[in-house]
Amino acid sequence: MVADILRARIVEGKIADGGLLPKQAALIDEFGVSRPSIREAMRILETEGLVSVRRGNLGGAIVHSPDARSAAYMLGFVLQSDRVTLADIATALCLLEPACAALAAARDDRTTEVVPHLYQLNVEADEQLSNGPVFTRLAPEWHATMVGSCGNQTMRLIVGTLETVWSHHEAAWADHVDSQGQYPSEKNRRLVLRAHVKITEAIASGHADAAQRLAPRHLDESQTYLLSRYPALVVNITGPTDPVGPFRSR
């Protein structure tokens, strides 16, 4: 009961992200339960990622509002448990992300709220064409920004969560191949940037059909390099100290 009430307060924003839950004594007085019950409620919320508990005299329960990153982390556990492959995630993105591009192009305020951010990321990516790993980290930012600007909250969260899981593996792969001196050529990065520019232009022009048509073609091309080398790679997010382990084993 205590965990349910505190969870609702956090999710509804009644306790700000980064804020502190009341001290144990205050919670005991408010709910009229024992200290072990309060500790169990904290354990539940901590397991859900909604609080992190600091021990000691200056301790307390720090609140963490749920976001796409925390959702991606939990989804990653489910995907890994079900032995879902990166190829499976890639297929889902090829179906869902183009719809986000079309929605972004249909926004009446796209020229002020969407396009400037995409243009700026294109400029930054162009400046980093010679640096493979940096470019590979900038490219997902473009996708995240486009998806985040689609105007539909449900699509933004669902597709953004999948993007986060994919980008986690793509970044680990980028570091690994760079350390092996096997990074793809600059020509491939230019193709990625060119696709981003074309989709940005379609969004800027309000051509939803064109944006939706260009997006899956680009996704398929950008995903091919990783998937062709690791076609059966299963989602793996449980090894933060060795995130490229799956790539080393192949």
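- Among residues two or more places apart in sequence or in another chain, the ring pair (Phe, Tyr, Trp, His ring centres under 6.0 Å) test is passed with Phe31 by none.
- Counting non-hydrogen atoms of other residues, nucleotides and ligands closer than 6.0 Å to CG of Asp82 gives a total above 12.
- Inter-residue side-chain proximity for Asn122 and Asp126 is flagged as unmet; no heavy-atom pair is nearer than 4.5 Å.
- Taking 4.0 Å as the cut-off between side-chain N and carboxylate O, Arg190 and Glu186 count as a salt-bridged pair.
- For His218, the ring pair (Phe, Tyr, Trp, His ring centres under 6.0 Å) test picks out His143, His196, with sequence neighbours left out.
- For Ala87, the side chain to side chain contact (heavy atoms under 4.5 Å, CB included) partners are Thr85, Leu227, not counting sequence neighbours.
- By the side chain to side chain contact (heavy atoms under 4.5 Å, CB included) test, Ala99 pairs with Met155, Gln212, sequence neighbours left out.
- Partners of Glu12 by side chain to side chain contact (heavy atoms under 4.5 Å, CB included), not counting sequence neighbours, listed by chain and number: Ala8, Lys14.
- Salt bridge status for Arg43 with Glu46: absent, with no side-chain N to carboxylate O gap under 4.0 Å.
- Salt-bridge formation is detected for the pair Arg7/Asp4: a Lys NZ or Arg NE/NH1/NH2 atom is positioned less than 4.0 Å from an Asp or Glu carboxylate oxygen.
- Arg107 contributes a side-chain N or O that, together with a main-chain N or O of Ser149, makes up a donor-acceptor pair within less than 3.5 Å.
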Between side-chain atoms of residues 159-166 and protein atoms elsewhere (two or more places apart, or another chain), which donor-acceptor pairs fall under 3.5 Å?
from, atom 1, to, atom 2, distance (Å)
Thr161, OG1, Leu157, O, 2.7
Thr164, OG1, Gly160, O, 2.9

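- Counting heavy-atom neighbours within 6.0 Å of Arg194 CZ, excluding the residue itself, gives a total of 12 or less.
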